[in-house]
Each structure stands twice: as structure tokens, then as C-alpha cells.
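The block underneath contains the structure these notes are about, expressed in C-alpha cells.
Since the structure is predicted, the reported quantities are computational estimates derived from the model, not experimental observations. So you know, we letter chains A, B, ... as the sequences are listed, proteins then strands, and number each from 1.
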Amino acid sequence: MSATISELHLSKPPIPLTRSFFEQPTVDVARQLIGVPIQYRNFAGIITETEAYVGQDDPACHAARGMTPRTKVMFGPAGYSYIYLIYGMYWCLNIVTEVTGYPAAVLIRGLKLDGIEAKLTNGPGKLCKVLDLDSSFNNQDLINHPEFKLYQAQRSCEILTTPRIGITKGQDKLWRFVCA
DNA sequence: ACCCCGATCGTA
DNA sequence: ACGATCGGGGTT
């Protein structure tokens with residue numbers, strides 16, 4: 001039996017990510033999340049692509065126009081899930097970052113899950129479909145979650161830095177990170 | 001109440 | 001490169 005992708009990247013013993021990890025500057029968190037082992041229900045793998053959305057001065061951030069019922073979670077404590085619907089059909093998963101009151105989050109855009117074709121989880125909408133994540137998973141504390149776990153990576157992969165995808169404002173920022 | 005459009009995806 | 005698709009966020 002060969003080692004799975006997630007086992008190869010897992011520290012021994014596995015060390016869960018802490019809330020303070022997510023309280024760091026969002027761009028740093030997004031970069032450091034690349035290669036991080038993830039476990040959700042019977043799925044295990046690593047994070048391969050992320051983007052940072054940083055505060056009310058970031059025009060691409062949902063919270064750029066202030067707090068609304070939807071963006072309220074982004075203003076809350078770090079380490080919580082922010083799930084939103086895009087294009088009327090796709091759910092996307094974020095993890096809230098930075099101090100309470102400062103709206104920011106990391107969008108999880110890609111995963112490599114053990115035993116699942118990469119092409120099925122190489123987009124934010126696609127990975128939520130595979131994991132069966134929807135609005136019911138919004139505003140969950142991912143630091144103390146019975147079914148969702150993130151661990152320190154033993155070693156990360158080489159990381160590409162690029163502009164964010166699919167946005168019309170804030171394209172100057174190099175806040176997308178991809179596992180090479 | 002309702003209009004409008006998007007942090008996408010799949011097929012060209 | 002582009003069109004399909006449509007729920008709900010933001011504003012009326």
C-alpha cells in the first residue's frame with residue numbers, strides 16, 4: 001500500500017492549524033495554506049490553490065462595500081468558514097482571516113484529494129461540489145470542527161504567485177497562489 | 001419586491 | 001474566447 005498524497009504532506013504527529021495561524025495577514029495565510037493537508041469527512045488531501053481577499057480597500061473583496069448579511073462572517077473571528085453562492089449555481093469556500101472586525105478571507109480554489117481526479121477539484125465551485133459543501137456549511141468554526149481538519153504541512157510545494165482569477169477590479173494584486 | 005450580475009465552468 | 005445559467009445580494 002503506497003502513501004497517499006495527504007500522508008506525504010502530513011507532519012508526524014499531525015499538528016492542527018491554530019486560530020492564530022489565520023489571524024496573520026491574509027496574503028501570508030493564503031501563501032502558507034498551499035500544501036496544507038486537509039481532511040473533511042471521508043475526504044483527505046492537500047490545498048493546491050488559494051486567493052486572498054483583504055479588507056474594505058480591496059475592491060474585489062465582497063466586504064469592500066461594508067458589512068451586509070452575506071459579508072458579516074468576514075468581519076468575524078479568524079478560522080471560520082465563509083461560503084457564498086456565485087453565478088447562481090456554484091458554492092465557494094473561504095476561511096476568514098485577521099482580527100475580528102477586519103473583513104478578510106482566503107478563497108480555497110483548488111485541492112488534490114486522495115483517490116479523486118485532480119480535474120474534479122481544481123476550481124472553487126468544483127471542489128465544493130465534490131465535498132458537498134453549501135450554505136449549510138457557512139460560518140462554521142474550522143478550528144474546532146469535528147469533520148473539517150487542517151494540519152501543518154511537513155513541507156510545501158513550489159508556489160506560483162499570480163493575479164487573482166475572475167475579478168474585474170483589483171487585478172493588480174498578486175494574491176493568487178498555486179502549487180506548481 | 002425585484003432587478004442585475006457575478007471570487008465559475010465547460011465547451012470552442 | 002465566450003455563452004449558459006440562476007439564486008440571492010443589494011438596493012428600491
Side-chain angles (χ1 to χ4, degrees), chain A residues 17 21-36 38 40 43 45-113 116-142 148 150 159-180:
Chain A
L17 295 186
F21 173 88
F22 292 98
E23 289 169 343
Q24 300 174 92
T26 306
V27 175
D28 294 344
V29 176
R31 188 187 298 107
Q32 292 178 52
L33 278 175
I34 299 300
V36 157
I38 180 173
Y40 177 64
F43 299 99
I46 61 164
I47 296 173
T48 57
E49 184 180 342
T50 61
E51 282 177 359
Y53 288 88
V54 191
Q56 305 200 52
D57 294 331
D58 174 7
C61 180
H62 285 171
R65 278 169 257 176
M67 190 191 298
T68 66
R70 176 175 68 149
T71 61
K72 187 165 179 257
V73 191
M74 296 186 83
F75 289 79
Y80 278 70
S81 58
Y82 167 48
I83 300 250
Y84 68 90
L85 183 70
I86 188 66
Y87 301 118
M89 35 197 339
Y90 301 105
W91 298 100
C92 295
L93 168 67
N94 296 251
I95 305 175
V96 174
T97 54
E98 312 216 25
V99 298
T100 299
Y102 187 88
V106 172
L107 172 65
I108 307 301
R109 291 188 52 90
L111 299 175
K112 178 62 196 84
L113 297 178
I116 294 180
E117 296 237 26
K119 63 182 179 186
L120 297 176
T121 53
N122 65 352
K126 296 160 82 175
L127 70 89
C128 280
K129 186 157 197 174
V130 167
L131 296 180
D132 196 26
L133 294 177
D134 56 26
S135 61
S136 67
F137 199 72
N138 189 41
N139 200 18
Q140 301 292 300
D141 184 2
L142 302 181
F148 189 103
L150 296 170
I159 298 175
L160 265 56
T161 302
T162 82
R164 293 173 293 181
I165 300 291
I167 55 171
T168 55
K169 302 172 198 168
Q171 291 166 326
D172 55 315
K173 306 292 194 305
L174 300 175
W175 288 350
R176 173 170 174 258
F177 303 97
V178 189
C179 193

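Residues from residues 21-31 of chain A placing a heavy atom under 4.0 Å of any atom in DNA chain C do not occur. Within residues 123-130 of chain A, the residues having any heavy atom under 4.0 Å from DNA chain B are, by residue number, G123(A), P124(A), G125(A), K126(A). Of the residues in residues 94-113 of chain A, those with a non-hydrogen atom less than 4.0 angstrom from any atom of DNA chain B are N94(A), L107(A), R109(A). Proximity of residues 48-58 of chain A to DNA chain B (heavy atom under 4.0 angstrom from any strand atom) is restricted to Y53(A). Within residues 162-171 of chain A, the residues that have a heavy atom under 4.0 Å from DNA chain B are, in order of number, I165(A), G166(A), I167(A).
By the disulfide bond (SG atoms under 2.5 Å apart) test, C179(A) is found to be paired with C157(A), residues two or more places apart in sequence or in another chain being considered. Applying the ring-ring contact (aromatic ring centres under 6.0 Å, His included) criterion to Y102(A), with sequence neighbours excluded, gives no partner residue. For K126(A), the side-chain hydrogen bond (donor to acceptor under 3.5 Å, both in side chains) test picks out N122(A), with sequence neighbours left out. Under the ring-ring contact (aromatic ring centres under 6.0 Å, His included) criterion, Y80(A) pairs with no residue at all, not counting sequence neighbours.
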(request) Using Watson-Crick or G-U wobble pairs with both distances under 3.5 Å, give me DNA chain B in dot-bracket, 5' to 3', with [ ] for crossers and | for pairs to another strand. (result) ||||||.||||.
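Rounded to the nearest 0.5 Å, atoms CG (D134(A)) and CG (L93(A)) are 11.5 Å apart. For the atom pair T121(A) OG1 and I47(A) CD1, the distance stands at 11.5 Å (nearest 0.5 Å). Summarising the geometry, atom CD1 belonging to I167(A) is positioned 7.0 Å from atom CG belonging to D58(A); distances are rounded to the nearest 0.5 Å. Distance CG/L120(A) to CG/L113(A): 9.0 Å, rounded to 0.5 Å. Here the CG-OG1 distance, from L33(A) to T48(A), works out to 11.5 Å after rounding to the nearest 0.5 Å. Of the inter-residue distances, the one linking Q140(A) atom CD with L133(A) atom CG reads 10.0 Å to the nearest 0.5 angstrom.
Heavy-atom neighbours of D57(A) CG from other residues, nucleotides or ligands within 6.0 Å: at or below the threshold of 12.
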(message) Show, in sequence, the C-alpha distance, side-chain angles and deciding distance for L150(A) and F22(A), and conclude whether the side-chain contact (heavy atoms from CB on, under 4.5 Å) test is met.
(response) CA-CA 11 Å; L150(A) 296 170; F22(A) 292 98; 3.7 Å; yes
(message) Could you go through V130(A) and I116(A), starting from their C-alpha distance and side-chain angles, then the distance that decides it, and tell me whether this counts as side-chain contact (heavy atoms from CB on, under 4.5 Å)?
(response) CA-CA 9 Å; V130(A) 167; I116(A) 294 180; 4.0 Å; yes
(request) For I83(A) and N94(A), run side-chain contact (heavy atoms from CB on, under 4.5 Å): C-alpha distance rounded to whole Å, both residues' side-chain angles, the deciding distance at 0.1 Å, then the answer. (result) CA-CA 6 Å; I83(A) 300 250; N94(A) 296 251; over 6 Å; no
(request) Show your reasoning for whether side-chain contact (heavy atoms from CB on, under 4.5 Å) applies to N139(A) and Y82(A). (result) CA-CA 6 Å; N139(A) 200 18; Y82(A) 167 48; over 6 Å; no
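Looking at T71(A), its side chain never comes within 3.5 Å of a backbone N or O of M74(A) through a donor-acceptor pair.
Look at the C1' atom in both dG8(C) and dT12(C): the space between them is 15 Å, to the nearest Å.
Ring geometry for F148(A) versus F137(A): interplanar angle of 30 to 60°, hence tilted.
The nucleotide range of DNA chain B contacted by chain A, defined by atoms under 4.0 angstrom from heavy atoms of the protein and reported 5' to 3', is dG6(B) to dG10(B).
Of all heavy-atom pairs between K72(A) and M67(A), the closest is CA-CG, 3.9 Å.
Residues E51(A) and R164(A) are not paired through a salt bridge, judged by the lack of any N-O separation under 4.0 Å between the basic side chain and the carboxylate.
Heavy atoms of M67(A) sit nowhere under 4.0 angstrom from any nucleic acid atom.
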(message) I'd like to compare against my own output: the B/S/- annotation of nucleotides 3-12 of chain C with a strict under-4.0 Å heavy-atom distance to protein.
(response) --BBBSSS--
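You'll find the side chain of V96(A) stays beyond 4.5 Å of the side chain of P77(A), heavy atoms only.
Centroid-to-centroid, the aromatic rings of Y53(A) and H62(A) stay 6.0 Å apart or farther.
For the residue pair E98(A) and T26(A), a side-chain donor N or O sits within less than 3.5 Å of a side-chain acceptor on the partner.
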